[in-house]
Structure formats: structure tokens, C-alpha cells
Amino acid sequence: MVVRVVRSLRSGTPVARSGLAALLPVAGTAVVLAVLPPIWFGRSTYTTGLAIITLVFASYAVGFNVIFGSTSQLFLCVGALAGIGGYATALFSDSASLPVFVGVLLGTLIAAIVGGVLSWIAVRRSLGVIFTGILTLVFSLAFQNLLLGQRQLTGGSTGHELKAAATTLADDRVGGYYLFAALVVIFLIVFRLIQTSHVGWAFRALRDDETAAELTGIDVSRYRVYAAVVGSAMIGLTGGLYAYSDGFINPTTFAFNQIDVLVLVMVVFGGLGSLLGPLLGAGVFEAVDQLLSSSGQIREFLYGLMIVALFLGFRRGLVPALGRLARRPVVPASPLQPRTDDGPAVPSAT
Amino acid sequence: MIPLLEVDDLTKHFGGLPAVHGVTFGIDDGEIVAVVGPNGAGKSTLLKLIAGLERPTRGSIRLRDEPVGGLPAHQVRRKGITMVMQTPRTFPSLTVLENAMLGAMFGPAHGVIDEREARRRAAESLAFVGLEALADLPVETLNLHQQRFLDLAKALAGRPQLLLLDEVMAGLNETEIRASVEIVRRVRDKLGTTVLWVEHVMSAVIELAERVIVLDFGSVLTEGAPDVVMRDSRVIEAYLGEAQIA
Amino acid sequence: MKAVLLDGIVLGLGFGLLGVGLTLVYGLGGVLNLAYGELAVLGAMVVSLVKDAGAPLALAAVAGVAAAMAAAVLLDLTVMRPVYRQSGEHRVLLGLLVTLGVAFLIEGLLNWRDPLGALTVDIGGGPIGIFGVPMPMSSIWASAITLGAGAILVVFLGATTFGRAIRSVMQDEVGARLVGISPSFTRTVIFALSGALAGLVAVTSAMSSPLTVTQGFDLTSFALIVTVVGGLGSVTGAFLAGLLLGIVDTLSAYYVGQYITSVVLLGAAGLTILIRPRGLLGR
Ligand SMILES: Nc1ncnc2c1ncn2[C@@H]1O[C@H](COP(=O)(O)OP(=O)(O)OP(=O)(O)O)[C@@H](O)[C@H]1O
Ligand SMILES: [Mg+2]
């Protein structure tokens, strides 16, 4: 059973099952997330707070996974996109006195548009992984400086207190937990539905070989932009809801080294492109972070050590690694035909 | 009658150097036309131009009188032109069947085919090239010959009107070449697909092609029936020139 | 105006040298070293340590540059080996992630040892008039060191056999191996060079304003901007871009303000990618 589940999580595995069966892993995740507070940490506000942070990061990570994991666009602006959601929520609801949910929606929309435009530029100029990474990193840093510079609007480095914030959520941590648990589950459903649709097929093809995908009739550029829009919307929505539930944001909340680095580590560690990888990555990461927190000053050092070790050791991610372990006995080690160029001719060619 | 494909004054320069220069020819429905020429003559570039992988510097390409020159590859594909490249371009993380499914799904002109139908068409075209027994294997377990056939199945699954083949018989042994010749013949006879085919293996060209276009230094040297073209002194010279250098 | 321009040139020279160190490593197989700025900070902290122990400034500076250089070589000999064994996008990505981890590692180490650490290099002496503008002694020293290092670098890469070998590896890894140049040894030398440059920039920049432990990421991003504008992999391009951006930076900071200046610099990098991805002088 475990083997089956793990196999189905393998990154890049085409999801042959259709309809409801494809959503089974998500349903399982939803159940686990739902029962965690009552059976484990519900009574500790501190632990619940940690769980919320984990879920927030998992949400960012799923969005990033749609963009980078599915279509290989290295978006180093997760923090900035989340910041767009967060600040839009704050400014539209406080300064423009719109209802909070309108602010969140507008933030989501703007993040989606910005992500789409960045992707469109990258696609039009055929920027590879590294140039897309640099372009989006440059955007992140510029956004950060704008937040700091436009003091009248954003409050600069002092930050912004949301008048419209959900005080109830800030007090009742379990409520906040369920808000973000629901968000993660919804994102996972969306991710799974994309995976099982023709869009998912297009993603797998273009991730393997762009030219071959084009020759197959796949509009690689369009699917890239599509992924960027969907992923950025997820990230913007998460940022907006975070601002709404926490009640206080400042530029550091969404800084590159606060968000992007962690999200990148979580997703790559969890397994690029896999369904539950981002969530597992976020969970493991937060757990390790907790273990390290008692180490005080040396924490950041250990953290760096961990990143290096993880990437050199688990290059292809946790979920795929587990998948390979689970798969080993299932698929015979030797294929039917040896892979040589002068192997036997194809059977019944005529 | 309008020819299936018309290429007029097609030219491609790479940094000022012409790889294809003023090439003009037409292909009728149901023909098997071979393109031959020494190494570096511009054969692959010609096919890539038609397939939309390269943008022409000058000239036009028309499919049933509709201009397709300069369109991106995926649009050219949906108009009915598909290409099998010199090195097989398969999707390594997928199985054989899934590779063919992608061709079936995204190839056709009128939008994406649903998964069930794509699976059926994919199985059909795998059977056509004789790979049905390997359907569930990962592509990485296939040898070169089989990968070429898979690439072909992937192309056929999208039901093209015009199939472009780039040296699909290079590096194969006698038996494999004969099998390939048979398959290409059946592609035309059974499926009615027109074939434009670049090849170095002359025995196969003479056996299969109905017309041969000879390229040299990016231009058409001559064209005509295989046996006539092969006796043409200019063609022999072009090839001899190459042999002396080699 | 003339004073601002001169200040810009001084800053720009520093930018240029910073960019060169990053671009050298990138040119060699496409790895962006995100720990680059941390190497500079590491060098700075060593200078500060040796200086505080009572050593003369010049000796401390040499020790700092050597430390940054040693750290870079260590990096190449350990964690970068598996990275260079990969190819294509795998290498690019793994390189990015691993050096990011190393950046945390170094920053964490320095933060742990000395969270308030800062390097100030005090050059005595009054200002000297240049084109009628009184320039502080520190600026003159910094520029002279930078120009000297730049000149040595250009001669080394352009006129020595080994320098040419390096450039050939930068152009074609496989080809270089065929003619008997070992890419891995060349890489180690490049890393050493890059580390030394980082250390040198740390020293010269500390002459005008203190360099603190937390500035590693800023240095890396400045170097990145300079390299992108100059053209990834181009040494002369990095110098030129550094000079240009230094002048833009000073002018903009003088007339518009610091945050907007950062946006302007970042915008320059963004525009370069959009309009001319190869950069000013990129291949
Ligand atoms: N992307 C490119 N950039 C620059 N030059 C190119 C490019 N592609 C092809 N060429 C040049 O164009 C000319 C024609 O190349 P092409 O690959 O079309 O030849 P070919 O006839 O297919 O040769 P072969 O028989 O070796 O496959 C060659 O001189 C080649 O070097
Ligand atoms: Mg060719």
C-alpha cells in the first residue's frame, strides 16, 4: 500500500488514473491535516503557529512547483509575488477602504498578471534557466527597494499594520491553521487537476525536451505562461491571506532570503514537480528548523551545511528518491532489449 | 491541381553564410521524394525550415497554397507537417506508449484529442511501426533503431499530411534498413501520407524514392527520377568531391 | 558635478573588479557563485582580525585577500566538484543551489563568531586635488589598487600562456582538454583568482565606508548586476559595466536618493537582459 502511494507520487509520473481516483492522495492529505490539531498540537498556540507557518510555506511551494517544477522556469521572485498579494491586500483594504476579500482578490490578480508578464518576457526572449532566474531575482530586489522607498504608501521598513486584519484569526490560532490547511488542499487539488489534464501532458513533454514538444504540436510558450499565471496567483493569494491573518507586514516579511531561499530548498528537497513534495519539503524543513533553533547563533551555519549536504546527497528530491526505493522491486532491472545501437531488429517490422 | 507543398526561393543564412540558397520545388500528394547531397549541403536545414524549427531568411513555403513559412513549429505541426529529426527526439521520462500519446494528443489541427482517444491512436501507430510489444517500457530501454521508430510512431499518431524524415536510416544495419524502407513505403501506401525524406543510404533511395532532389552548397543541383539523377555527372562530381576530402 | 563624477569613477572601478571576480567563474562552465559576496566579507573579517591583533595594515590586507582566496579554492576542491561533474542545466541549477548553501554557511559562521564585525580601513593623509577636485586619500588608494589589479589581470589573461589557456577553457571545455589543458586545474586557479578579487574589493571598499558582516548578499547582487550588464563571462565587459554603473549610481544617489538608485541599477540589469542578453561585451 505504502509502496503504491509513494509510487504514485513520483515526480514526472504521468497520472493515468482519471477522475476522482487521481485525487486520492490529496484526500488523504486533507484528512491528515484535519486531524492533526485535535490529536497533536491543537492546545499549544506555539506549535499551532509553527504549523501555520509550515502551511503558508507549503502554499508558496506548491505555487512555485507549478512554475518551476512543471515548466522549468526558475522564478526567484516568490517573495515578491507574495508581497504583491500582501501589500495589495493591505493597501486596498486600508487605504482604499475596500472589503478585505476584494483586496485579496485584487492582490491575487495583480500577482498573476505580474508573473504572467515575467514569464512572457522570458519566453519571448528565450531566456534559459539562468537568465530567467536573474531577471526574476532582479525584479525581487527592485520590488524590495520600492517597498522600502515608498514610505508614504507602504510604511517603509517600519511595516504596515492592517486595520482590516482578522483579529479572530490572530487570536484563535487553530482557525488560522484550518484556513491555510484548506488553502493547501485547494492548491493541491488544482495541481492534481492540471497534472491529469492535457496541460499536465504538455508540461511533462516540454520539461523533457522543448524542441520535441514543439515538433509534437505543443505551444511551449503558451503553456509556460499559463503555468506562471496559475503559480503566481497561488503565491499572491497566499501572501494576501497571510497579511490578512497575521495583521502585520513589512518588507522583510517577503524578502528574498526570507521566502525564496526556503521555498526553493523545500521544493527541490521534496522533489520537483511532484504532488506532495512541496508539502513534505515544507514539513521536514520546519521540523529541522525547530531542531536547529535551540542551537542559537550557530543555526544559520548549520542551515547552510544542511542545504549543501541535501543538494549534493538528495539531488533529485525526497519524494522521487522514495519512489525509486519503492519502485526497485516492481520494475525488472533488465529491460527486454539491451540498449545498444546494433541490437536486434524491431519485431514484425513488415 | 494544387501541389501539397510548394517551396519557392527558400533561403537561410547563418551569420551571413547561406546554408540553403534559393531552393524551389514542389511535392504532389502521395509522393515519396528523397533529398540527397554531400555533408553540409543544407538538407537538414531545409527540413527544419519547412518544419518551422528555423525561420527562413527569404522565400516562401506553402502547404496546399496556405503560407506556413516562418510559423512556429507547433503551428506547422497542426497544419499537418511533422518531422522526425536526425537524432531521435523522444521524451525520456515517459514510456513508449506515452510518447506516442503526446503525438496523438497535440498533433491534430482541430484542437487537443482526449486521453482515451489519444491512447487508442497511439497504440495503433505503435503497432504500425511494430513497437506494440514495448509500449509500457521507458524509452531509455530502446536502442537507436527502436527510438527512431518510436519517433516515427509519435509523428504518425498525429496523422500528418506530410512527413519529413531526416536520415532515419543512418547507422542501421542491412536488416534494419530494409525494415525501415518497408515502413516508409507502408506509410505512403496505407496511410496516404506524403514523404519528404533526406537520406545518405543510396540503396534505400534508389529502391524507395519516386523523385530525387540533389542539394549541393545549399542550392538544388538537379532533380528527377533516381536512376537518372544518379548517373548525372554533376551529381557524381559533387559526391566525388566529398569523397576526396574525406 | 565634477566631484560627483569622480566619485562615481572611483566607485565604478570597485564595481568593475567585483564583477570581474564573478564573471570569471561564470565564464568557466556557467556556474553563478552566489557565495561570492560572502567570500569578500570573509576576507574583510580576517583583515579586521589580523589588524586588531596589532599587525600592520598591509600585512592584514594580504592576509585577508589570502583567506578569501583560500576559501574559494576550498570551495572548488570540495563542493564544486560534484557540480562540475554535471552538465547543462543540471550543472547551472545545482551550482546555484550549492553556492547558495555555502553563502548561508559562511554568513552563519561569521555571524556566530562576530555578529557585529565590521571592517574599516583608515588611510591617513589629507585630500589631494585632482582636476581641481579635492579627492580623499582613501579614494586615491582604492582606485590605484583597483587599477593595478585590473592591469595585472588583463596582462595575465591576455599575454601569458596560462592566461590564454584559461580563456580557451572558458570558450571550449572539451576542446581545451583535447589540447592538453586540464579544466579542473584551470578551474581551481580561476576560483583562487576570483576569491582574491573578492578579498581585494573588500579591502578597497572598506577604505571609504565600513564593510559589515551582513553585507555579503548585497555584494553578490551588485556583482551580479555588473556581470549581467557587462555580459556574463566577459572580463572587459564587467570592467566597463562597473565603471558605467558606478557613475550612474553616484549621480542617481546624489540627485534622486538611495532606494530609487538601487531600483535604477536593478532596472539597468533587467533592461540589459531584455534588450541585449549578451550584455555590453558578452560573447
Ligand atoms: N544553427 C546553425 N548555425 C550556424 N550554422 C549552421 C547551423 N545549422 C547548420 N549550419 C550550417 O549550415 C550548413 C548546412 O547544414 P545542414 O545540417 O543543413 O547540412 P546537412 O546537409 O544536413 O549535412 P549532414 O549530411 O552532415 O547532416 C552547414 O555548413 C552547417 O555548418
Ligand atoms: Mg543533416
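Since this is a predicted model, take the numbers as computed values, not measurements. Below, each value reflects all heavy atoms present in this structure, side chains not excepted, and no hydrogens, waters or symmetry copies.
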Just wondering, do B/F91 and A/R207 contact through their side chains at under 4.5 Å, heavy atoms?
no
By residue number, those in residues 57-77 of chain A with heavy atoms under 4.5 Å from heavy atoms of chain B are none
Note: A/T211 and B/M85 closest approach over all heavy atoms is CG2-SD, 4.4 Å
Whatever's closer than 4.5 Å to a heavy atom in chain A on B/R89 counts as both
query = Are the side chains of B/K154 and A/T216 in touch, meaning some heavy atoms are under 4.5 Å apart?
reply = yes
For B/S93 and A/D208, the nearest pair of non-hydrogen atoms, with its separation, is N-OD2, 2.8 Å
The interface call for B/I113 against chain A, heavy-atom contacts under 4.5 Å, is neither
In short, A/H198 meets B/F106 closest at the heavy-atom pair O-CZ, 3.3 Å
message: Within the supplied structure, the quantity of interest is the number of heavy atoms (other residues, nucleotides, ligands) at a distance under 6.0 Å from A/R125 CZ; does it exceed 12?
response: yes
In short, A/L215 meets B/T82 closest at the heavy-atom pair O-OG1, 4.2 Å
Scanning both residues in full, the closest heavy-atom pair of B/R77 with A/E214 reads CB-O, 4.4 Å
For A/D219 and B/R78 the tightest heavy-atom approach is N-NH2, 3.8 Å
Tell me if the CZ atom of B/R120 is crowded by more than 12 foreign heavy atoms within 6.0 Å. yes
Cut-off 4.5 Å, heavy atoms of chain A, and the answer for B/M105 is side chain
Give a yes or no on this: more than 12 heavy atoms of other residues, nucleotides or ligands lie within 6.0 Å of atom OH of A/Y223.
yes
